Amino acid sequence: MQINDKFRDECGVVAVFAHPEAEKLAYLGLHALQHRGQESAGIVSSDGLSLHQHKAMGLVADIFTPDVLSRLRGTLALGHTRYSTAGDSALLNAQPIVVQSNKGAIAVAHNGNLTNALEVRGRLERQGSIFQTNSDTEVIVHLIALSKEQTLPEAMADALRRVEGAFSLVMMSPDRVFAARDPRGFRPLAMGRISALDGQKCDTVVFASETCAFDLIGAEYVRDVKPGELVVVGPEGIASQFYSTVAPQSSCIFEHVYFSRPDSTVFGRAVQTSREELGREMARESPVEADVVVPVPDSGVTAAVGYAAESGIPFRFGLIRNHYVGRTFIEPSQSVRDFGVKLKLNPVRSLLEGKRVVLIDDSIVRGTTSRKIVRLIRGAGAKEVHMRISCPPTISPCFYGVDTPSKKQLIAANKSVEQIREYIGADSLAYLSLDGLKRACGEGLQISYCSACYTGKYPTEIIDVEEILPASVRR
Ligand code: SF4
C-alpha cells in the first residue's frame, strides 16, 4: 500500500570483515538500514572457504530468524536490503548476487543505478553471457568474470571502469571484502572499525550505506569510501586504489533532504544538521504569520524544528502517525474520504482548532497526498494552512538509484507553484530555493551535490527511456 506520495528509497548495503559473528552484525546493520528498502533482503557469509547465502522478500526482522542466521556462520558477511529501482520486484533480483566465476566465488551488493546497464548487457549477451536476473547489478558481475585482468581487485577495477551511473558497492570473495563508489560519489558508503570485542583487541572492518548502522553494532566511523575508490580488506590489511580518473563530485542532495536517517553522517556531514538548517533557511526565505509549526511526520519533523526555532513560532505534533499500518487493509464498504491517508495520519484537533498552521514537508511529488493532508488539517478546524516544502520543486526524474515517477506525473514539472497551491488547497505554498538547499546541506564545504531532480541538469549523459519507449517495451 502506498499512501505516501514520496520518492522511494533505493537500497542499503553493509559489509563485515573479520568478526566471529559477522552474519549477526550484517543483520543488525541491515535492520538499521531498513528505511532504504523494504522489498527484499539478503545476507551472504563466508567461512574463509565458501559462501553461504539467504535471501527472501520482506523485512529484515522477518527474514532472518535465529535458525536462518545459524546457517550463515562465518567471519565475513555482506548484506543488502532492496527497493527495486531497476529490475522487477522479485526474489530473483534480491541481493547480494552470488556467482561462481573463473576468479572464484564472488558476492556483490549494490546501491544505485547504472545508466548504461542496458547497453552493456546487450553487448555481453551478444558475446554469449547468460543473465540470471534483470537487475542492473548483474552486469557488474559479468564484467568482473569476463575481465582479462589476473587478480580479483584488478578485474573489479576493470569492470567498474566500464559502467556508468551511480554505484556504491560492497563485494566479497571467500577471504576478502571490497567496497567501491562510482567516480561522482552519488550514493553514500562509509567505512568503520570495531577495535574491541568482549574486552579483547580486535580489528573488524565494516562498511555501510549510513553510519546509523555502525551505532547499532558498536563500530566507529572512520571515513567515507571516496568517489572513484576501491578499498580491499584482506588478511594482509587494507589497500586502496583509485580505479578511475577524477570526475566532479555529484553526491545526491536528496539523501540530506529525505532518504538518510537524521542520526546518520552522510558524505561526511551530519544529516540532522542539514535537515534542521533546511527549516531555518525556509523560515528566512518564506516567513508567514502563524500560530503553530506542524510537521508531516516523520519526514518533515527535523525541518519543522528548524523552522520553528528560526521563526519563533511554536512547534507542535499536530499530526500523529500510526506506525503499524500494514501493506493491506480492509476498507469499510461505505467508503471513507481520504481513507488511506487517515489510516496513517490523524490530526490533533485540540492543537489545530482555530489556528493558523505552517505545515512542513520535504517534498510534493504528485500532489495527491499533500492535498489530502491539507484537507485533514482543515477538517480539524485549522483557520489557515501554509505549506512549506524543504526543497525546490521536483521537476525531473532520478536516474541514479531513486524511484521517481516520470516527468508526466511530477506535479511541479507540469504546474506553477500557484497552480499547485490551488490544487492542494493551501492558503500559501512556498518551496525552498536551490541556493537555500545547497547552503543548508553545506555545498562547497568539501561536498558538491547532484540536484538534477530540481534542475533537470544531469551530471552524466542520460537517455530517458520513459520519454522514448512505450511502457510495453520498458523493463
Ligand atoms: Fe539525488 Fe535527485 Fe540527483 Fe537523483 S536526481 S541523485 S534523487 S539529487
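In each ligand, atom 1 is the first atom listed, and ligand 1 is the first ligand listed. Just so you know, residue 1 is the first one in the sequence shown, and it goes up from there. Just so it is clear, the structure is predicted and the values come from calculations on it, not from any experiment.
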Between the NE2 atom in His142 and the CD atom in Gln132, the distance rounded to the nearest 0.5 Å is 6.5 Å
Cys453 heavy atoms within 4.0 Å reach ligand 1 at atoms 2 (Fe), 5 (S), 7 (S), 8 (S)
State whether Cys398 contributes an N/O/S atom found under 2.8 Å from atom 4 (Fe) of ligand 1. yes
Ligand 1 to Tyr400, heavy atom cutoff 4.0 Å, flagged ligand atoms 6 (S)
Ligand 1 to Cys450, heavy atom cutoff 4.0 Å, flagged ligand atoms 3 (Fe), 5 (S), 6 (S), 8 (S)
Which of Val16, Ile217, Ile63, Ile43 passes side chain to side chain contact (heavy atoms under 4.5 Å, CB included) with Tyr27? It is Ile43
Note: ligand 1 atoms sitting under 4.0 Å from heavy atoms of Cys252 are 1 (Fe), 6 (S), 7 (S), 8 (S)
Original post:
Going by distance alone, is a donor N or O of one side chain under 3.5 Å from an acceptor N or O of the other, for Asn134 and Asn93?
Top reply: yes
With Ile389 as partner, the option from Val257, Leu278, Asp361, Val296 fulfilling side chain to side chain contact (heavy atoms under 4.5 Å, CB included) is Asp361
By ring-ring contact (aromatic ring centres under 6.0 Å, His included), Tyr454 pairs with (sequence neighbours left out) none
